[in-house]
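Since the structure comes first, as structure tokens, the remarks are kept for the end.
Just so you know, these numbers come straight off a predicted model, no measurement behind them.
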Amino acid sequence: MSLTTTLKTQLKITDARVVYPDGTGTVTALNGVSMTAQAGEMTAIIGESGSGKSTLLSVAAALVSPDSGTVTVAGEGVGGRDETERARIRREHIGFIFQQPNLVASLNARDQLLLTDHIRGVRGKALRSRSQHADDLLACVGLGGFGNRRMHQLSGGQRQRVNIARALMGEPELLLADEPTSALDHQLSREIVELLRSLTLDLGFATVMVTHDRGLLPAMDHVVEIRDGRVLD
């Protein structure tokens with residue numbers, strides 16, 4: 001990977017403020033939060049429950065529009081876009097790893113990945129030609145030759161690896177992970193984070209991960225700690 005690629009900013013949030021209604025009043029979930037995420041680097045978001053870290057991840061994902069401030073994903077400004085345009089930005093630029101894999105029990109590992117292509121509108125011959133890409137991604141996450149296995153034939157750690165490969169199927173510039181190791185033991189958690197670090201560097205996307213496990217922070221390039229809707233210095 002070139003130095004230019006490594007330093008490319010794939011996420012930039014500047015002075016984001018998000019206010020939610022709360023009964024007869026309001027609660028400020030984010031209060032002037034700024035952060036960046038660079039290609040080839042991993043950034044952790046940490047904080048206590050209710051600190052605003054989940055809201056920050058939703059802003060990064062173009063799921064929540066801040067009341068003020070700016071958000072740029074892969075060079076595209078998110079502010080002022082309607083939901084159709086924000087959905088396009090998510091589809092074209094962002095991969096998601098969820099806390100629970102939420103895989104379809106009736107599908108094999110390969111088809112879990114191909115389903116995301118179908119949702120993005122890839123059809124016919126183009127979809128069939130993506131089967132090799134799916135197998136290549138499964139190999140990248142340590143599941144080479146597992147394409148025909150169904151979810152009941154995989155361990156929890158292996159299912160999370162399918163989840164990671166699925167998130168990369170659209171070749172995102174920005175990968176967002178929401179507590180991806182919370183259901184795994186300590187050893188598997190370390191293995192998953194090391195895998196994410198290797199993929200982030202090798203494939204050149206930026207990874208932002210919400211985690212409660214401070215034991216994983218040494219694997220990160222940057223840590224953003226949120227408290228009461230603000231980034232701690």
Side-chain angles (χ1 to χ4, degrees), residues 37 39-47 49 53-54 57-58 60-61 90 94-120 130-224:
E41 295 185 347
M42 291 187 69
T43 300
I45 299 175
I46 63 172
S49 179
K53 61 184 186 296
S54 294
L57 195 69
S58 295
R90 291 193 294 271
I94 304 175
F96 296 91
I97 301 173
F98 303 102
Q99 185 172 345
Q100 298 295 331
N102 296 320
L103 300 166
V104 182
S106 61
L107 298 181
N108 63 32
R110 180 186 303 107
D111 286 342
Q112 304 286 347
L113 277 61
L114 292 175
L115 179 61
T116 67
D117 270 353
H118 182 79
I119 291 171
R120 282 196 299 272
R130 297 283 284 173
S131 181
Q132 184 60 53
H133 180 53
D135 284 342
D136 290 344
L137 284 174
L138 289 172
C140 282
V141 300
L143 296 179
F146 281 57
N148 290 322
R149 295 204 186 183
R150 298 188 184 275
M151 298 306 97
H152 72 274
Q153 297 174 301
L154 301 178
S155 68
Q158 288 171 334
R159 288 194 292 272
Q160 191 61 294
R161 287 171 184 263
V162 174
N163 193 18
I164 293 169
R166 181 178 60 178
L168 300 179
M169 193 64 181
E171 302 176 28
E173 290 98 337
L174 175 64
L175 184 67
L176 302 178
D178 185 11
E179 299 275 9
T181 65
S182 63
L184 305 176
D185 63 28
H186 180 68
Q187 180 59 35
L188 284 175
S189 295
R190 289 179 61 88
E191 290 177 8
I192 289 297
V193 169
E194 288 302 323
L195 172 62
L196 284 173
R197 182 172 179 82
S198 176
L199 291 169
T200 298
L201 183 61
D202 292 346
L203 300 182
F205 50 81
T207 296
V208 176
M209 185 178 83
V210 168
T211 184
H212 68 279
D213 188 349
R214 290 177 178 268
L216 302 177
L217 298 186
M220 302 295 157
D221 297 290
H222 307 284
V223 177
V224 175

Can you see which heavy atom on [X] is nearest to which on [Y], and at what distance?
X    : Y    : value
P172 : G95  : CB-N, 3.4 Å
L196 : P180 : CD1-CG, 4.5 Å
A134 : L113 : O-CD2, 3.5 Å
F205 : T200 : O-CG2, 3.2 Å
A60  : I94  : O-CD1, 3.9 Å

- [ ] Evaluate the side-chain proximity of F96 to L176: yes if any heavy-atom separation is below 4.5 Å, no if none is.
- [x] yes
Task: Between CZ on residue R159 and CD on residue Q153, distance to nearest 0.5 Å - done: 11.5 Å
Open item on the list: Taking CZ in R197 as the centre, count heavy atoms belonging to other residues, nucleotides or ligands within less than 6.0 Å. Is the count above 12?
Closed with: yes
TODO: Spell out, as yes or no, whether a donor-acceptor pair under 3.5 Å connects the side chain of Q112 to the backbone of V104.
DONE: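 Flag set: sc Q112 to bb V104 pair under 3.5 Å.
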Task: Sequence-distant partners of R166, salt bridge (Lys or Arg N to Asp or Glu O under 4.0 Å), two or more places apart - done: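 None.
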- [ ] Please say which of I45, I46, T207, V193 ends up in a side chain to side chain contact (heavy atoms under 4.5 Å, CB included) with M220.
- [x] V193
Task: Results of side-chain hydrogen bond (donor to acceptor under 3.5 Å, both in side chains) for D136 - residues two or more places apart only - done: Q132
